[in-house]
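Notes follow the structure.
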Protein chains: 2
Amino acid sequence: MTEATRRERLRAETEREIRQAARALLVERGRDAVTLRAIARELGITAPALYRYYDSHDALLRQLCDDICADMAAVLYADLAADTSGQVGCQVRAVCRGFRRWALAHPQEFALVFASPRDPLGADQFGAVFLQLAGRLIASNLVVKHADDEVPEVLHEDLARFQQVLMDAVSVHGVTVEDDVLNLGKIYHVVQSWVRLYGHVALEVFGRFPFAVSNPEPMFDSMLDQMLSDIGFQEDDSAVR
Amino acid sequence: MTEATRRERLRAETEREIRQAARALLVERGRDAVTLRAIARELGITAPALYRYYDSHDALLRQLCDDICADMAAVLYADLAADTSGQVGCQVRAVCRGFRRWALAHPQEFALVFASPRDPLGADQFGAVFLQLAGRLIASNLVVKHADDEVPEVLHEDLARFQQVLMDAVSVHGVTVEDDVLNLGKIYHVVQSWVRLYGHVALEVFGRFPFAVSNPEPMFDSMLDQMLSDIGFQEDDSAVR
DNA sequence: GGTTTTGGTGAACGGTGTTTACAAGAGTTC
DNA sequence: GAACTCTTGTAAACACCGTTCACCAAAACC
């Protein structure tokens, strides 16, 4: 039941091969090895032919970023689904651990997507996972005291905007949330959690801890515990409802 | 009273110009613009001549990293010296703010030094600043309860090693410290602080916050407050001694 | 069957890192 | 001062890069 013509199918197939070759080059030989000629060589065609599919080398790299985000999102969703506890705390933990594991297994991709002085964000393919998770977290109706006045007033405007983004992300999933569940205080802690999660993972991937860490995993787990506790989960996770 | 011969002086001068040109290219036109031919063009020589000074393009980039670290360290030392309060909390704050300011003002340098999947650490030129600061922090003899059993036992070995590094860094500055001042609990919080500091700065430099932050500085200051409070400083900094 | 669209080629331009052979000058030694 | 060595540059070349252009064959369309 493919609506596509023969030609469209061939084109889509070639495009898939291009992305695949680009990805393999990035993984195996680094960012600088992702070159038009190398990709073309892999497909058995010549470099100018690639211009029938992408406007420039840069455009191809951007597409590559999007693919990476989508793939990572799929992995994280799988990690999320693999957790059968039904407890939000465990789910958060699973996704955060999944993010770390993915980053360590794909350092080149991580560097390209998360640590390039690129314009905005590669794609919100990525943010969707975290937003969905935040959605579940909110929907779980955890009642934790995070007074709004804990956060400086200058931040209220930005946090309120993020609050709206989160609300929208949640409502897309068909869940409505009482206002007081997702107050600015909690939002603030969510942002702080992202800072710590990203900070630890990036430091580990790039080897920028101030000393040689022989086994970073327990340190990560320890940070995760404190993170969850800050947001409002108890360590032994008896906090669901 | 330069011991150097005329030739050595000339050589040193040329090398200085090479570094300077490389730096300018990085800052003004990005990492990919730091090319041997461009540098040579700037000096009015040809590219192969650079091989008399550096083994390869990669070696030159490594040298560039070291230079960047050294310059940043100088800036942070200046920030540290500019604080005349004499209070350690203010000094920590000054250096952390200085680090953020430097990173935002030098995104290309930051990306090169702190976010490249490079081997170990570019140079410990960089770590020295933080170590010295940590040294002062320790020397200030803040007595805050951070029980060792707060941190998981698996981390003890690594943290103890870092503890030794810190001790050495302090003793170089001619200060001896009682053992109980720098216990593993405090060490752990210092590492966690580095995670948060790095995480926030990197996210800001790379624009990877999950929403548009109109004015990130108060958010940074807020994080700093909580960081210092976690380590054991009171917010209004009456904690010195 | 003729026409248009599509997806490929090969040649070329200017750019890159790197190697090699060679030359000119500075420093040293007799 | 002549002879020698060491240093620092050059020019040419190689292989690779992104990109453009003219061209071409086959597929799709009418």
Side-chain angles (χ1 to χ4, degrees), chain A residues 2-65 108 112 116-119, chain B residues 2-65 108 112 116-119:
Chain A
T2 56
E3 194 73 50
T5 69
R6 178 183 126 86
R7 203 178 245 169
E8 277 167 335
R9 270 186 295 110
L10 285 181
R11 183 179 179 84
E13 173 65 16
T14 308
E15 194 168 347
R16 214 183 50 80
E17 286 179 27
I18 294 174
R19 296 176 179 203
Q20 184 178 310
R23 187 67 165 281
L25 284 167
L26 174 68
V27 170
E28 288 160 24
R29 310 206 329 246
R31 199 198 99 128
D32 293 345
V34 184
T35 139
L36 290 184
R37 284 186 152 93
I39 296 171
R41 219 175 291 131
E42 215 73 21
L43 301 210
I45 60 178
T46 60
L50 294 176
Y51 281 82
R52 303 293 181 188
Y53 298 86
Y54 295 96
D55 284 343
S56 69
H57 180 244
D58 202 63
L60 201 153
L61 269 194
R62 255 192 297 274
Q63 174 65 57
L64 186 54
C65 283
Q108 299 286 353
L112 185 64
S116 301
R118 207 171 280 283
D119 2 278
Chain B
T2 56
E3 194 73 49
T5 69
R6 178 182 127 86
R7 192 126 71 177
E8 278 166 335
R9 271 187 294 109
L10 285 181
R11 183 179 179 82
E13 173 66 16
T14 307
E15 196 168 348
R16 215 184 49 81
E17 287 180 26
I18 293 175
R19 296 174 179 206
Q20 184 177 309
R23 187 67 166 280
L25 285 167
L26 174 68
V27 170
E28 289 161 22
R29 310 209 324 250
R31 199 199 100 128
D32 293 346
V34 184
T35 158
L36 291 184
R37 285 186 153 93
I39 296 171
R41 219 175 293 133
E42 216 72 22
L43 302 210
I45 60 179
T46 60
L50 295 175
Y51 281 82
R52 302 293 180 190
Y53 298 86
Y54 296 96
D55 284 342
S56 67
H57 180 243
D58 202 63
L60 200 153
L61 270 194
R62 257 193 296 275
Q63 174 65 57
L64 186 53
C65 282
Q108 299 285 354
L112 187 64
S116 301
R118 209 171 279 282
D119 3 279

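In what follows, chains are A, B, ... by sequence order, proteins preceding strands, each numbered from 1.
Put simply, OH on A:Tyr54 is 13 Å from P on C:dG8, counting in whole angstrom units. Atom CG in B:Leu25 sits about 10 Å away from atom P in C:dT16, given to the nearest Å. Rounded to whole angstrom, the span from the CG atom of A:Leu36 across to the P atom of D:dC17 amounts to 9 Å. Atom pair B:Ile45:CD1 and C:dG17:P shows a separation of 13 Å (rounding to whole Å applied). Here the P atom of nucleotide C:dG17 and the CG atom of A:Asp32 are 11 Å apart, to the nearest Å. Rounding to whole angstrom units, CG of residue B:Leu10 and P of C:dG25 are separated by 15 Å. Between A:Leu50 atom CG and D:dT20 atom C1' the separation is 14 Å, expressed in whole Å. Rounded to a whole Å, the OH atom of A:Tyr51 is 12 Å from the P atom of D:dC17.
Considering only side-chain N and O atoms, A:Thr35 lies under 4.0 angstrom from the phosphate OP1 or OP2 of D:dG18. Close to C:dG7, at under 4.0 Å from its OP1 or OP2, lies a side-chain N or O of A:Arg11. A close approach under 4.0 Å does not occur between any side-chain nitrogen or oxygen of A:Thr46 and OP1 or OP2 of C:dG10. Side-chain N/O atoms of A:Arg41 include one lying less than 4.0 angstrom from OP1 or OP2 on D:dC17. Remark: A:Tyr53 is not in phosphate contact with C:dT6, judged by side-chain N or O atoms under 4.0 Å from OP1 or OP2.
You'll find that the side chain of A:Ala49 is closest to C:dG8, out of C:dG8, C:dT18, D:dT19. Considering only the side chain of A:Pro48, C:dT9 comes nearest among C:dT9, D:dG18, C:dG8. Ranking C:dT18, D:dG18, C:dG7 by closeness to the A:Arg52 side chain, first place goes to C:dG7.
When all heavy atoms of B:Thr14 and B:Leu43 are compared, the pair lying nearest together is O-CD1, 4.2 Å.
Using a cut-off of 4.0 Å between Lys/Arg side-chain N and Asp/Glu carboxylate O, B:Arg19 and B:Glu15 are scored as salt-bridged. For the pair B:Arg11 and B:Glu8, the salt-bridge criterion is not met [side-chain N within less than 4.0 Å of a carboxylate O].
For B:Asp32, the CG atom sits in a packed shell: over 12 heavy atoms of surrounding residues, nucleotides or ligands are nearer than 6.0 Å.
Put simply, the side chain of B:Arg37 and the base of C:dG15 share no donor and acceptor less than 3.5 Å apart.
Nearer to the 5' terminus of DNA chain C, by closest-nucleotide assignment, is the contact made by A:Ala47 (compared with the other of A:Ala47 and B:Val34).
Taking the side chain as every heavy atom from C-beta outward, A:Leu36 and A:Tyr51 approach each other to under 4.5 Å.
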